[in-house]
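Chain identifiers are assigned alphabetically (A, B, ...) following the order of the sequence lines, protein sequences preceding nucleic acid strands; residue numbering begins at 1 within each chain. Because only heavy atoms are used, hydrogens play no part in the values below, and waters and symmetry mates are left out as well, while side chains stay in.
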There are 2 protein chains.
Amino acid sequence: MDTFNTDICSKPAAKFKALGHPVRFWIAQQLMKSEHCVHEFVELTQLDFSTISNHLSALKAADILSTEKRGKEIYYRLICPCTRTFIACVNGKLEKDKG
Amino acid sequence: MDTFNTDICSKPAAKFKALGHPVRFWIAQQLMKSEHCVHEFVELTQLDFSTISNHLSALKAADILSTEKRGKEIYYRLICPCTRTFIACVNGKLEKDKG
DNA sequence: TTGATGTTTGGCAATATAACAAAATGAATT
DNA sequence: AATTCATTTTGTTATATTGCCAAACATCAA
């Protein structure tokens, strides 16, 4: 076992923390299928633009999302495929638990 | 895209939230290699027994850990291998970013 | 009963947090 | 240059959480 070291564990933990909010988890889940831009998320949540923007910033700060500007819009997408895998697995487990 | 639904997203998000704390992330990481019991974590963190116990409870409540009692001790282990995979991937990414 | 191993509860102080509104940015279009 | 559109940043408020410790409680084995 390793001795616990805050500095070492804070960064990876922050990634999980970023996904640990219903709205942010939902966003990541939507991005499993394809990229999307801010106003699409706003429409489907009924939340304020700024609220969604802040959630997206949080995910980006945790290096979970990347952005690309095309035309007037900014497209968000998942950086790491393992996020997809883990989300899928978590969802799978939850499905099983139901039945 | 799916409409956002709090009920649906809260449970999976809670799993991420559970891992979104440095100490809990570290615990999960240690359990990637082998099972351990409470006092081992206490020794290596210098935290109170109750503090560690609460962190373990949080992870268990999120269905990330399972327990087994053997003799005097209670052994904790990771339930889902995909957690291992995701942690390894997150760590790998962070390693890359450094270099 | 005693000792070892964990859990639960209570309390506190600090911190975080989510959300909205309004102002600001910046690119693209006119 | 001015305007418009998409998004971000800032300010604020209220709320909730949370992490931690300490002390009490539970369980089991010797």
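For B:Thr51, there are no side chain to side chain donor-acceptor pair (under 3.5 Å) partners, not counting sequence neighbours. Under the side chain to side chain donor-acceptor pair (under 3.5 Å) criterion, B:Thr67 pairs with B:Lys60, sequence neighbours left out. Taking B:Ile52 as the reference, B:Val23, B:Val38, B:Phe41, B:Val42, B:Thr45, B:Leu47, B:Leu56 meet the side chain to side chain contact (heavy atoms under 4.5 Å, CB included) condition, with sequence neighbours excluded. Residues passing the side chain to side chain donor-acceptor pair (under 3.5 Å) test with A:Ser50, sequence neighbours excluded: A:Asp48. Under the side chain to side chain contact (heavy atoms under 4.5 Å, CB included) criterion, B:Ser10 pairs with A:Pro22, B:Thr6, sequence neighbours left out. Residues passing the side chain to side chain contact (heavy atoms under 4.5 Å, CB included) test with A:Lys72: none are found, sequence neighbours excluded. Residues satisfying the side chain to side chain contact (heavy atoms under 4.5 Å, CB included) criterion with A:Glu40, sequence neighbours excluded, are A:His36, A:Cys37, B:Met1. Legend: residues meeting side chain to side chain donor-acceptor pair (under 3.5 Å) with B:Arg77, ordered by chain and number and at least two apart, are B:Glu35, B:Glu68.
Judged by distance alone, the side chain of A:Trp26 and the main-chain N or O of B:Ile8 form no donor-acceptor pair under 3.5 Å.
Among residues at least two apart or in separate chains, ring pair (Phe, Tyr, Trp, His ring centres under 6.0 Å) pairs with a member in residues 63-92 of chain B are A:Phe16-B:Phe86, A:Phe86-B:Phe86.
Straight-line distance from the CG atom of B:Asn54 to the P atom of D:dC21: 11 Å, rounded to whole Å. Between the CG atom of A:Asp48 and the C1' atom of D:dT8 there is a distance of 12 Å, given to the nearest Å.
Over its length, the helix from C:dT1-D:dA30 to C:dT30-D:dA1 turns its helix axis by 30°, as judged from the five terminal pairs at each end, rounded to 10°.
B:Leu56 comes within contact range of no nucleotide atom at all, as no heavy-atom separation falls under 4.0 Å. Using a 4.0 Å heavy-atom cutoff across all strands shown, A:Ile52 reaches no nucleic acid atom at all. Counting any heavy atom pair closer than 4.0 Å across all strands shown, A:Arg24 reaches sugar-phosphate atoms only and no base atom.
Ion pairing between a basic and an acidic side chain is recognised when a charged N comes within 4.0 Å of a carboxylate O; A:Asp63 and A:Lys11 show no such pairing.
Between D:dT18 and B:Lys17, a contact under 4.0 Å exists linking OP1 or OP2 to a side-chain N or O.
For DNA chain C, the outermost nucleotides in 5' to 3' order that have an atom under 4.0 Å from a heavy atom of chain A are C:dA16 to C:dA28.
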If you restrict it to nitrogen or oxygen atoms, what contacts under 3.5 Å exist between nucleotides 4-7 of chain D and the protein, and what is each distance?
| unit_1 | atom_1 | unit_2 | atom_2 | d |
| --- | --- | --- | --- | --- |
| D:dT7 | OP1 | A:Val38 | N | 3.4 |
| D:dT7 | OP2 | A:His39 | N | 3.2 |
| D:dT7 | OP2 | A:His39 | ND1 | 3.1 |

